[in-house]
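To keep things clear, I will list the structure first and then write my remarks on it.
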Amino acid sequence: MTGSTDNGRPFDATHEADLTLKRLRPRLDSIWTQEQASTETISSFEQRLAEQWPRLFELLFRLYGDRYDFFYHLEQILLTAAHGWASRPGPLKLLDDRRVNEPHWFESERMVGGALYVDLFSENLGRLREQIPYFQKLGLTYLHLMPLFAVRPGDNDGGYAISNYRSIDPELGTIDDLVQLATELREAGICLVLDFVFNHTSDDHDWAQRAKSGDREYQDFYYIFPDRTLPDQYERTLREIFPTVRRGNFTWDDGMRSWVWTTFNSFQWDLNYRNPAVFRAMLDELLFLANTGVDILRLDAVAFIWKQMGTSCENLPQAHLIIQAFNAVVRIVAPGVLFKSEAIVHPDDVAKYISPHECQLSYNPTLMALLWESLATRSVRLLTRSLSHRHRLPEFTTWVNYLRCHDDIGWTFDDADAAAIGINAFNHRQFLNEFYTGQFEGSFARGVPFQHNPATGDMRISGTLASLAGLEQAIELDDDRLKEMALQRMAILHGITISIGGIPLLYLGEEWGLLNDYDYVKDPAKSGDTRWIHRPKMKWEYLETLDDTIKTDGDGSIRKRIFNSLKTLISLRKSHPAFAGVDMQLIPVDNPHVLGFSRKHEGNTIVVLANFSESPQTIKGNTLRTAGMGRFFEDLITSAAIATSEDLTLKPYQLMWLHRV
């Protein structure tokens with residue numbers, strides 16, 4: 001921090017932070033008295049406050065230091081943190097201590113995730129608790145529940161238009177049900193992950209309702225304009241997120257006779273983080289969620305939280321400062337809780353959110369997109385180009401690797417990476433869109449378009465993993481060869497995300513090969529959003545296919561094979577320490593159809609090979625020998641013995657996990 005004081009001395013942030021905290025301590029003492037806090041409670045808070053306060057003060061000063069009321073808001077933020085710590089349950093404080101002493105806990109090979117919508121998977125939170133043995137059977141240790149808080153009636157963007165952060169959708173349960181679920185998951189060794197939707201609220205949130213009623217304090221919680229003068233100036237540099245739903249980024253509100261900033265949908269009002277009262281209010285909601293027993297918070301739409309005229313209003317420096325300030329407070333109040341970044345943006349921008357001081361976890365959208373790209377092209381050239389300089393992360397952070405999620409697929413690879421290997425990025429994205437919507441001759445995919453913008457050519461893809469990998473087509477044609485190919489594609493995709501480094505995340509339903517659900521169009525609240533095609537309802541009768549006493553054939557045997565194959569890969573991952581962390585070294589296999597890399601951790605090494613084509617592919621035995629530092633290997637998946645004295649041939653879509661014997 002630069003600048004000078006009125007007496008000409010350089011601004012000393014450390015001194016100012018210490019002085020400010022000294023002045024605020026009497027207010028902290030009143031909190032401890034009010035909460036009847038024990039000496040141990042106070043001591044623990046003070047210790048972490050001393051560690052984090054200089055960083056927190058500097059971040060908040062950079063964001064809000066030019067405001068006349070900065071000291072007031074700083075005081076309110078500190079008191080909010082103190083209240084959060086005083087009300088944090090004892091078992092969570094013990095867990096905090098353990099995780100502080102084991103800072104790599106989330107990088108373990110035993111971390112394997114699943115994501116689901118509660119209503120589609122189990123109807124409600126009570127019945128979800130009954131499925132904990134199912135999660136354990138599959139091998140999950142991380143469970144992400146899609147938004148389950150109270151939302152506006154009708155269209156609510158799949159739960160992302162939140163009306164109340166402290167109330168569960170009544171059809172799903174109550175906050176007490178959530179706390180009980182978190183407790184039982186923790187006892188079963190499963191982390192709970194929830195979304196923190198902090199870029200916007202629903203238009204029926206209490207703050208929005210107060211703004212509509214004319215309350216100036218709450219109108220300042222949002223971006224509200226009396227006419228189009230400023231919105232039109234902003235629009236010159238903004239992109240449209242859902243162009244087929246609505247044009248522009250502002251919505252007219254008849255009651256206020258004003259325009260409201262709504263980046264996503266007209267009913268999702270963007271919060272104004274230029275107002276420190278918004279930061280404090282959302283901090284209060286964040287700490288409330290942390291104290292229910294949540295282990296990881298997925299920060300939704302991180303790229304959009306700061307607005308500045310003349311920019312795209314995405315990935316601005318202040319957005320990072322906001323998240324870092326939230327991080328600093330959580331390190332004080334709930335240091336066992338982590339942040340996961342959701343930034344489906346350019347790969348360079350994705351990486352900027354990943355840090356122990358910002359988001360310790362991040363989705364890996366580039367890997368996801370390029371795995372699908374490799375399937376379509378039967379080539380790993382673009383994938384290896386990207387991995388060669390984009391996979392490495394700072395210490396104490398990790399990737400969350402996924403193939404499908406509740407959202408669409410966007411082709412977020414770097415144009416420069418594509419150009420470096422002779423690919424025209426725009427044309428390539430058009431090809432991928434045609435391929436995954438089944439329009440390209442020879443395509444096996446059965447995806448559907450999402451948000452096609454004819455003016456720009458931009459389009460994303462909706463569809464389940466199984467339908468995109470060719471299983472829907474194969475079942476339609478009742479072709480056993482095509483079914484086999486689809487199953488192999490699914491296995492190779494899962495095998496890479498489970499082994500490449502980071503936390504693998506399944507979108508539950510993948511373990512059964514669920515196909516596209518075209519009946520979503522029957523629901524008026526969903527019919528305009530093709531993403532619902534890959535959000536099918538769980539079919540619990542599929543569990544019967546795992547019972548060996550029940551004869552299964554046809555689709556039943558396919559589902560059983562998918563489930564058991566995935567379960568085996570997860571079990572193998574969890575039993576081999578080489579899969580911990582994110583350290584990954586590419587292997588130059590000299591074959592454009594084969595991805596090769598090694599995983600090493602604490603003296604353990606595994607070599608991964610994957611053939612992305614429907615033809616056998618060969619690599620040199622000597623390449624394997626030098627990469628794995630051995631002459632003889634065993635494939636963990638098939639138990640086959642491999643000698644490096646001869647070249648190695650991989651079958652179509654074959655995946656190999658090799659360890660030295």
Side-chain angles (χ1 to χ4, degrees), residues 146-147 149-165 169 195 197-215 218-273 275 278 282 300-307 312-314 342 344 406-408 449-456 458-460 462 520-521 523-532 535:
M146 295 292 104
F149 299 99
V151 292
R152 68 190 301 277
D155 187 4
N156 51 59
D157 191 25
Y160 286 90
I162 294 180
S163 304
N164 188 332
Y165 292 89
D169 182 338
D195 288 83
V197 183
F198 74 128
N199 175 72
H200 48 260
T201 72
S202 170
D203 60 0
D204 67 346
H205 189 284
D206 180 61
W207 303 339
Q209 291 298 309
R210 293 190 184 199
K212 289 180 180 181
S213 71
D215 189 325
Y218 286 94
Q219 287 182 347
D220 287 343
F221 270 45
Y222 302 96
Y223 289 90
I224 299 174
F225 305 92
D227 56 43
R228 288 291 308 188
T229 303
L230 288 177
D232 286 344
Q233 292 178 34
Y234 276 111
E235 288 283 18
R236 293 170 188 163
T237 52
L238 300 180
R239 68 183 173 108
E240 295 174 327
I241 305 303
F242 295 146
T244 66
V245 175
R246 52 186 276 276
R247 305 312 301 264
N249 290 268
F250 299 85
T251 298
W252 175 255
D253 182 89
D254 278 332
M256 294 188 298
R257 307 296 296 171
S258 298
W259 293 91
V260 183
W261 198 316
T262 55
T263 296
F264 295 94
N265 289 286
S266 59
F267 48 79
Q268 291 167 304
W269 287 18
D270 285 36
L271 288 163
N272 176 15
Y273 278 95
N275 179 357
V278 170
M282 289 304 290
D300 180 62
V302 293
F304 299 90
I305 61 174
W306 193 270
K307 326 295 188 190
S312 66
C313 296
E314 296 182 43
E342 188 258 357
I344 314 303
H406 72 288
D407 224 334
D408 54 276
F450 177 70
Q451 293 299 317
H452 182 208
N453 187 340
T456 64
D458 182 51
M459 185 170 82
R460 283 106 79 189
S462 295
Y520 81 93
V521 297
D523 185 339
K526 299 176 179 178
S527 60
D529 186 343
T530 63
R531 292 175 299 179
W532 285 104
R535 301 170 182 172

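We number each residue from 1, following the sequence as shown.
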Worksheet item: For V278 and Y222, what are the C-alpha separation, side-chain angles and deciding distance, and is it a side chain to side chain contact (heavy atoms under 4.5 Å, CB included)?
Response: CA-CA 9 Å; V278 170; Y222 302 96; over 6 Å; no
Worksheet item: Can you list the steps and then say if E314 with T263 is a side chain to side chain contact (heavy atoms under 4.5 Å, CB included)?
Response: CA-CA 11 Å; E314 296 182 43; T263 296; over 6 Å; no
Worksheet item: Would E240 and T456 satisfy side chain to side chain contact (heavy atoms under 4.5 Å, CB included), going step by step from the backbone distance to the final call?
Response: CA-CA 11 Å; E240 295 174 327; T456 64; over 6 Å; no
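The aromatic ring centroids of Y223 and W261 lie less than 6.0 Å from each other. Between W259 and F250, a ring centre-to-centre spacing not shorter than 6.0 Å is recorded. For H406 and Y160, the distance between ring centers is under 6.0 angstrom.
Side chain of S163 to main chain of R152: a donor-acceptor pair is present (N/O by atom type, distance under 3.5 Å, no hydrogens or angles). Looking at N275, its side chain does come within 3.5 Å of a backbone N or O of D220 through a donor-acceptor pair. Of the possible donor and acceptor atoms, one in the side chain of N156 sits under 3.5 Å from a partner among the backbone N and O of G154.
D204 has its side chain within reach of P153: a pair of non-hydrogen atoms, C-beta onward, lies under 4.5 Å apart. Considering only heavy atoms from C-beta on, K526 stays 4.5 Å or farther from R535 through its side chain. Counting heavy atoms from C-beta outward, I162 and T201 have side chains that stay 4.5 Å or more apart. Between D408 and Q451, every side-chain heavy-atom pair lies at or beyond the 4.5 Å cut-off. Here the side chains of Y273 and F198 are in contact, with some heavy-atom distance below 4.5 Å.
Residues F450 and S462 share a closest heavy-atom pair of CB-OG, 3.5 Å. Annotation for A211 and Q219: closest pair O-NE2, 3.0 Å, computed over non-hydrogen atoms. Summarising the geometry of I224 relative to S258, their closest heavy-atom pair is CG2-CB, 3.5 Å, with the distance given to 0.1 Å. Of all non-hydrogen atoms in A208 and S202, the two that sit nearest each other are CB-O, 3.8 Å. Nearest approach of D227 to P231, heavy atoms of both residues: O-CD, 3.4 Å. Across every non-hydrogen atom of D195 and F149, the tightest pair is O-CE1, 4.2 Å.
A salt bridge between R531 and D157 is present, with a side-chain N of the basic residue lying under 4.0 Å from a carboxylate O of the acidic one.
At a cut-off of 3.5 Å, with distance as the only test, no side-chain donor of S213 or D215 sits close to an acceptor on the other residue. For the residue pair N249 and E235, a side-chain donor N or O sits within less than 3.5 Å of a side-chain acceptor on the partner.
Shown are F264, F267, W269, F304; of these, the ring pair (Phe, Tyr, Trp, His ring centres under 6.0 Å) with H200 is made only by F264.
Note: C313 SG to L238 CG = 5.0 Å, rounded to the nearest 0.5 Å. From F242, atom CZ reaches atom OG1 of T262 across 11.0 Å, with rounding to the nearest 0.5 Å. Taking NZ of K307 as the reference point, atom OG of S312 lies at 10.5 Å (rounded to 0.5 Å). From D203, atom CG reaches atom CD of Q209 across 7.5 Å, with rounding to the nearest 0.5 Å. Expressed to the nearest 0.5 Å, how far CG of D458 lies from CZ of R239 amounts to 8.0 Å. Taking CD1 from I305 and CG from L271, the interatomic distance works out to 10.0 Å, rounded to the nearest 0.5 Å.
Cation-pi geometry between R210 and W207 is not met: the NZ or CZ atom fails to fall both under 6.0 Å from the ring centre and inside 45° of the normal.
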